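Okay, so here's the structure we're looking at.
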Amino acid sequence: MYRIVAKKELAPAVKSLTIDAPLVAKNARPGQFIIVRIDEKGERIPLTIAGLDVQQGTITTIFLEVGKTTEQLGRLNEGDAISDLAGPLGNPTEIKNYGRVVCVGGGVGVAPLYLVAKALKDAGNEVISIIGARTKELLIFEDEMQQASDELYIATDDGSKGHHGFVTDVLQELIAKQKIDRVLAVGPTVMMRAVAKVTKNHNIKTVVSLNPLMVDGTGMCGACRVTVGGETKFTCVDGPEFDAHLVDFEELMNRQRTYITEEKVALERCGRCRH
Amino acid sequence: MPSLKKQPMSEQEVDKRIHNFDEVALGYTPEQAITEAKRCLQCTKPSCTQGCPVGIEIPAFIKHIADEDFDGAIKVIKKKNNLPAICGRVCPYENQCEKFCVLGKKGEPAGIGRLERFVADYERKKGARIPEKAGASGKRVAVVGSGPAGLTVAADLAKLGHDVVIYEALHESGGVLMYGIPEFRLPKEVVRAEIEYVKQLGVDIQTNVVIGKTISIDELREEFDAIFIGTGAGLPHFMNIPGENLCGIYSANEFLIRTNLMRAYKFPEYDTPIKVGKRVAVIGAGNVAMDSARVALRLGAEEVRIVYRRSEKEMPARAEETAHAKEEGIKFEFLTNPIRMAGENGWVKQLECIRMKLGEPDESGRRKPIPIEGSEFALDVDTVVVAIGQKPNPLIAKMTKGLRITEKGAVWIDENGKTSMEGVFAGGDITTGTATVIEAMGAGKKAARAIHEYVSR
Ligand SMILES: Cc1cc2nc3c(=O)[nH]c(=O)nc-3n(C[C@H](O)[C@H](O)[C@H](O)COP(=O)(O)OP(=O)(O)OC[C@H]3O[C@@H](n4cnc5c(N)ncnc54)[C@H](O)[C@@H]3O)c2cc1C
Ligand SMILES: Cc1cc2nc3c(=O)[nH]c(=O)nc-3n(C[C@H](O)[C@H](O)[C@H](O)COP(=O)(O)OP(=O)(O)OC[C@H]3O[C@@H](n4cnc5c(N)ncnc54)[C@H](O)[C@@H]3O)c2cc1C
Ligand code: SF4
Ligand code: SF4
Ligand code: FES
């Protein structure tokens, strides 16, 4: 069992759990993820490592409640435990001094981006970050990103804070102003696709962190397969980060929809068991 | 004069069993077991034993059954085999022990596998006993992977007094026994009970630990006196044809992991879903393909087809499994090779195939299939399972410098199961590619002897 040592609510339906997992914390690097299973009947779901404390032996993960498992996870409290947690999985982000790097985070994707931005800054990069959300209340990790970046821009879909519009609008302005050596984007697939489109026109190397459906997370099932540069890759072992300009985003989004009907059934059932 | 035929074993009726995941073969009653045991000639120079990779003293255990001493029988088996209820169910004994039985010359061989299953089940229902163990040696051994290879190494070394820790990547131990082979062939309750026995020998099983990620082989080497790698052949092959990443197309591994390990057949009681349409095509014709086809049927498919590029004669599946599949109504498209998967709204809709004919034998000795030009046709499908084989799991190889890997991606070992790294041994599917449970266990036994020698030197 893996004990929850701290819980925070960062925004409506966005929660942070800090979990006791010393073995995972010891070898984890920015960009890697874990697979959790809440109980005996639970599904295995992947979540990015958004924080780690090697001394305490804990890792932190931040998630948006979108369905049965994440809602159930959100109902757990400090002192509760989950039955399974495996990691760190996937390849860490490649951290080098690239020069001027733009980190783009959308929604709950901002949380895992923070560790990456910090590591990039520590490696000597000039880090410019753009974070976005649908509305002000859903913005998370603003202070943390402020600290990890030389400049921080905010965009909200409804204009309640920062730029009124998408993160890609801000990205376009930045590109027009100065030379950018690399872009990293973590967030909803549509956002990552939009970022890839913008940077492709300017030939800026762009890395995205993909989130297909997964089961084992260790390269055994192929549920997480994506087409990158015309070749099939397994996100859990070959990724999760890939060259954005080579990813087949349409295919990824199609595959993410595989279980839409079943997910509704599971969520409704879970809603019922709450009362 | 003993009967020429084996005692038949009763089975769940076909029209019932295709709607449930309960075990198909029901096992012998004590009377049937005794009758079958009495068929054995108790040869003074038994030929059957050379066919058992773990070296069970076959006539001795059968003699105990004939004498109605089932406790004595299981004791003989457990001297060599720690997982008899599993072997008695899935061992391809027709190619192993029973192939060498003298009774097989004139009639059917002795039902060694069925008898093994009978006594193992007898003991499990009674509650397994723990054999004596050697005193603590003070040596520590890490075993990576909890499939049949890893479980065998661990149990044998624990009996010799060593302190053994198994690290398993998944949340449940057992390897293919747990995630691959379906409930109706190998009930998970049986697997769990045999793993429980290994634990009772003193083996510590740590699940959710991915070696190479959570802990590296080098870190293990600092902490342990020896290491065994038994990580299996878990990397699924795909066809690499257009359309293969449409929704509704599964690797056999995903299809079986969802069903067996995650219990998707009990969705929504269990959270993991699986989606099976009316028309299912399973590509391939080995045990894994038969399992996938029979699972698809039980998940509600109306029509399930095996699509295989060679003919019935070349099918790698066990004859018994093919027979079960046929009885259950699985259809077979032999000499047929998929060339493209076509979809509608992102879902697979058609499997485009070409007919094949057999040419000259290839390096495997089987006649090579060649496409017949102009014979393309399409099967209407809404689910496809790709079951054309698995490669050795590449994770540890990728993360461990200095470990010699063969051209086929397997971990290289010498005749004693030693890898190219000092103190690191390996065995099972990770060194051979997909083989059998009993071969993995045989490799585990061999490695356990080598590890014992190595740590006791
Ligand atoms: C490598 C990786 C890292 C991830 N990191 C995070 C993270 O740090 N925080 C976070 O909130 N989410 C993260 N996700 C997504 C997270 O795994 C899903 O939100 C979760 O599995 C949903 O489960 P559920 O049962 O709550 O919802 P479900 O009922 O299963 O699904 C509800 C909705 O979520 C979508 N969904 C389901 N599974 C996934 C999935 N694996 N990836 C993306 N969308 C999915 C479905 O298409 C559906 O629209 C990550 C995914 C991957 C692959
Ligand atoms: C569907 C199916 C049906 C089959 N039917 C039969 C049959 O009827 N009869 C028969 O004899 N054989 C059958 N086989 C083959 C047989 O199951 C295998 O040959 C046998 O299980 C191999 O054993 P193993 O111990 O080498 O590996 P596995 O059983 O594959 O076990 C390997 C274990 O290692 C774990 N692992 C992998 N990487 C890591 C890591 N980095 N760290 C920690 N753990 C790790 C895996 O999760 C797994 O649990 C079948 C196989 C399949 C897939
Ligand atoms: S383990 Fe397999 S080969 Fe050995 S005796 Fe039993 S059935 Fe035969
Ligand atoms: S060869 Fe056949 S008959 Fe002879 S001892 Fe072995 S099982 Fe019995
Ligand atoms: S999640 Fe199974 S292979 Fe990636």
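None of the values given here were measured: they were computed from a predicted structure. Every chain is numbered from 1 and lettered A, B, ... according to where its sequence line falls, protein lines coming before strand lines.
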Heavy-atom distances under 4.5 Å only: say whether [X] touches chain A with side chain, backbone, both or neither.
| X | answer |
| --- | --- |
| B/F267 | side chain |
| B/N245 | both |
| B/K398 | side chain |
| B/I249 | both |

Does A/K26 come within less than 4.0 Å of B/E219, counting only side-chain N to carboxylate O?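 So A/K26 pairs with B/E219 through a salt bridge.
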B/D271 bridged to A/K41 by N-O distance under 4.0 Å: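 No, B/D271 and A/K41 are not salt-bridged.
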Roughly how far, to the nearest 0.5 Å, is the [atom2] atom of [Y] from the [atom1] atom of [X]?
| X | Y | atom1 | atom2 | answer |
| --- | --- | --- | --- | --- |
| A/E262 | B/K275 | CD | NZ | 4.0 Å |
| B/T272 | A/R44 | OG1 | CZ | 9.5 Å |
| B/L261 | A/D216 | CG | CG | 9.0 Å |

Checking [X] against chain B: side chain, backbone, both or neither under 4.5 Å from a heavy atom?
| X | answer |
| --- | --- |
| A/L23 | both |
| A/N27 | side chain |
| A/R37 | side chain |
| A/V237 | both |
| A/R257 | neither |
| A/E250 | neither |

Please report the closest heavy-atom contact between [X] and [Y], naming both atoms and the distance.
| X | Y | value |
| --- | --- | --- |
| B/P273 | A/E43 | CD-OE2, 3.7 Å |
| B/P236 | A/G219 | CD-O, 3.8 Å |
| A/A86 | B/A169 | CB-O, 4.3 Å |
| A/R225 | B/E244 | NH2-O, 2.7 Å |

Atom [atom1] of [X]: over 12 foreign heavy atoms under 6.0 Å:
| X | atom1 | result |
| --- | --- | --- |
| B/K266 | NZ | yes |
| A/E9 | CD | yes |
| B/K188 | NZ | yes |
| B/N345 | CG | no |

Would you find a donor on one side and an acceptor on the other, under 3.5 Å apart, between the side chain of B/S251 and the backbone of A/C221?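 Yes; judged by distance alone, with no hydrogens or angles, the pair exists.
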Check: residues 11-19 of chain A side-chain donor-acceptor pairs under 3.5 Å, at least two apart:
| from | atom 1 | to | atom 2 | distance (Å) |
| --- | --- | --- | --- | --- |
| A/K15 | NZ | A/E65 | OE2 | 2.8 |
| A/T18 | OG1 | A/T60 | OG1 | 2.9 |

Given the options B/Q390, B/R258, B/R263, which has more heavy-atom pairs under 4.5 Å with chain A than any of the others?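 So the answer, after comparing B/Q390, B/R258, B/R263, is B/R258.
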For residues A/E40 and B/Y270, is any side-chain donor paired with an opposing acceptor at under 3.5 Å?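 Indeed, the side chains of A/E40 and B/Y270 share at least one donor-acceptor pair under 3.5 Å.
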When you look at A/T218 and B/K213, which way does the side chain to side chain contact (heavy atoms under 4.5 Å, CB included) test go after all the steps? CA-CA 10 Å; A/T218 65; B/K213 290 285 178 187; over 6 Å; no
Which one, A/V24, A/T258, A/T227, leads in non-hydrogen pairs under 4.5 Å with chain B?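 Looking at each of A/V24, A/T258, A/T227 in turn, A/T258 comes out on top.
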Candidates B/L395, B/L170, B/L235 - the one meeting side-chain contact (heavy atoms from CB on, under 4.5 Å) with A/M220: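 By the side-chain contact (heavy atoms from CB on, under 4.5 Å) criterion, A/M220 pairs with just one of B/L395, B/L170, B/L235: B/L170.
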Between A/Y2 and B/N208, does the side chain to side chain contact (heavy atoms under 4.5 Å, CB included) criterion hold? Intermediate values first, please. CA-CA 11 Å; A/Y2 299 79; B/N208 297 318; 3.5 Å; yes
Within a strict 4.5 Å, meaning less than it, do heavy atoms of the A/E268 and B/P268 side chains meet?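 With C-beta onward as the side chain, the pair stays apart.
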